Amino acid sequence: MAASGGGRKEDSFNVLDLAEYTKSRPWWKKVFAPSSGSSAEKYNVATQLVIGGVTGWCTGFIFQKVGKLAATAVGGGFFLLQIANHTGYIKVDWKLVERDVNKAKQQLKLHSSSNKMSPEVKSKVDEVIIFLKKNVILTGGFAGGFLLGMAS
């Protein structure tokens with residue numbers, strides 16, 4: 001907007017070069033930038049499958065490794081406890097164990113008799129179901145990748 005003759009300044013505007021702006025942004029911000037739409041609206045089918053598959057494979061692979069480590073640690077711990085019990089280092093009060101197990105059973109019966117979910121849990125479950133329905137392809141890619149990651 002130019003000023004007309006009477007000594008007024010021009011209004012200044014900054015021009016943003018979008019090509020330079022996108023070159024300076026990292027690729028992950030381009031791919032995972034927040035948007036109002038679901039991934040089904042932002043990306044094509046191949047991109048959704050690749051993103052879902054890669055993240056699923058990584059998650060499955062990590063779960064497999066951590067699961068083996070956890071199973072080894074728990075199994076080794078039980079093994080050491082059995083050795084300690086057998087050699088006499090540990091004495092177990094089985095009557096106390098039985099009483100505590102019965103008490104736990106009663107508490108489980110009370111909690112299982114009321115099958116109502118709390119409102120917070122129900123709202124989170126509803127959010128997950130809505131996400132899964134909107135992003136079926138991404139979810140399918142993730143599930144397939146997860147299974148491949150667990151198998152490798």
Side-chain angles (χ1 to χ4, degrees), residues 13-152:
F13 294 100
N14 291 331
V15 178
L16 177 63
D17 185 7
L18 290 178
E20 289 299 318
Y21 176 72
T22 56
K23 285 179 187 175
S24 67
R25 291 182 67 202
W27 66 269
W28 61 84
K29 286 191 179 177
K30 293 177 192 173
V31 173
F32 299 111
S35 175
S36 61
S38 67
S39 64
E41 296 168 354
K42 293 193 296 187
Y43 305 115
N44 61 21
V45 173
T47 305
Q48 291 179 56
L49 282 175
V50 168
I51 290 172
V54 169
T55 56
W57 184 86
C58 291
T59 305
F61 187 77
I62 290 170
F63 266 58
Q64 176 202 30
K65 297 299 179 189
V66 170
K68 284 182 180 178
L69 179 67
T72 302
V74 170
F78 283 135
F79 181 70
L80 290 174
L81 285 173
Q82 286 299 324
I83 289 174
N85 184 30
H86 184 69
T87 56
Y89 286 106
I90 297 175
K91 296 289 182 196
V92 179
D93 184 1
W94 289 109
K95 291 185 184 208
L96 180 63
V97 170
E98 184 179 357
R99 189 184 73 209
D100 288 344
V101 167
N102 288 334
K103 185 178 174 183
K105 282 182 185 178
Q106 291 299 323
Q107 288 178 348
L108 285 175
K109 285 180 185 177
L110 289 175
H111 289 298
S112 65
S113 65
S114 61
N115 288 333
K116 295 181 180 179
M117 281 193 276
S118 68
E120 297 86 15
V121 173
K122 185 165 176 36
S123 68
K124 290 296 177 189
V125 168
D126 291 341
E127 286 179 30
V128 168
I129 290 172
I130 290 169
F131 175 80
L132 293 177
K133 285 181 180 178
K134 284 185 177 179
N135 301 297
V136 173
I137 296 170
L138 182 75
T139 305
F142 181 86
F146 182 81
L147 292 175
L148 286 174
M150 289 292 284
S152 60

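Remember, predicted model here, so these are calculated numbers, not experimental data. In what follows, every heavy atom counts, from backbone to side chain, and hydrogens, waters and symmetry copies are set aside.
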*Would you check if K124 and V128 make a side-chain contact, meaning some heavy-atom pair closer than 4.5 Å?*
no
_Taking the side chain as everything from C-beta on, heavy atoms only, tell me whether N102 gets closer than 4.5 Å to E98._
yes
_Selection residues 142-152 - residue pairs positive for side chain to side chain donor-acceptor pair (under 3.5 Å), sequence neighbours left out_ =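 Matches after skipping sequence neighbours: W57-S152.
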*Would you find more than 12 non-hydrogen atoms of other residues, nucleotides or ligands less than 6.0 Å from E127 atom CD?*
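Yes, because the 6.0 Å sphere around CD of E127 holds more than 12 heavy atoms from other groups.
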Going from [atom1] on [X] to [atom2] on [Y], what distance comes out if it is rounded to the nearest 0.5 angstrom?
X    : Y    : atom1 : atom2 : answer
T139 : K134 : OG1   : NZ    : 12.5 Å
Q82  : L80  : CD    : CG    : 10.5 Å
M150 : I62  : CE    : CD1   : 12.0 Å
L147 : F142 : CG    : CZ    : 10.0 Å

*Applying side-chain contact (heavy atoms from CB on, under 4.5 Å) between L138 and each of I51, T55, L132, report the one that passes.*
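With L138 as partner, I51, T55, L132 yield a single side-chain contact (heavy atoms from CB on, under 4.5 Å), made by I51.
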*asked:* To check you understand the geometry: which heavy-atom pair defines the closest contact between N85 and I90, and what is its length?
replied: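 Looks like OD1-O, 3.1 Å.
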_Residue pair E120 / S123: nearest heavy atoms and the distance that separates them_ = O-OG, 2.8 Å
*Measure from the side-chain N and O atoms of N135 to the backbone N and O of F131, and report whether any donor-acceptor pair falls under 3.5 Å.*
yes
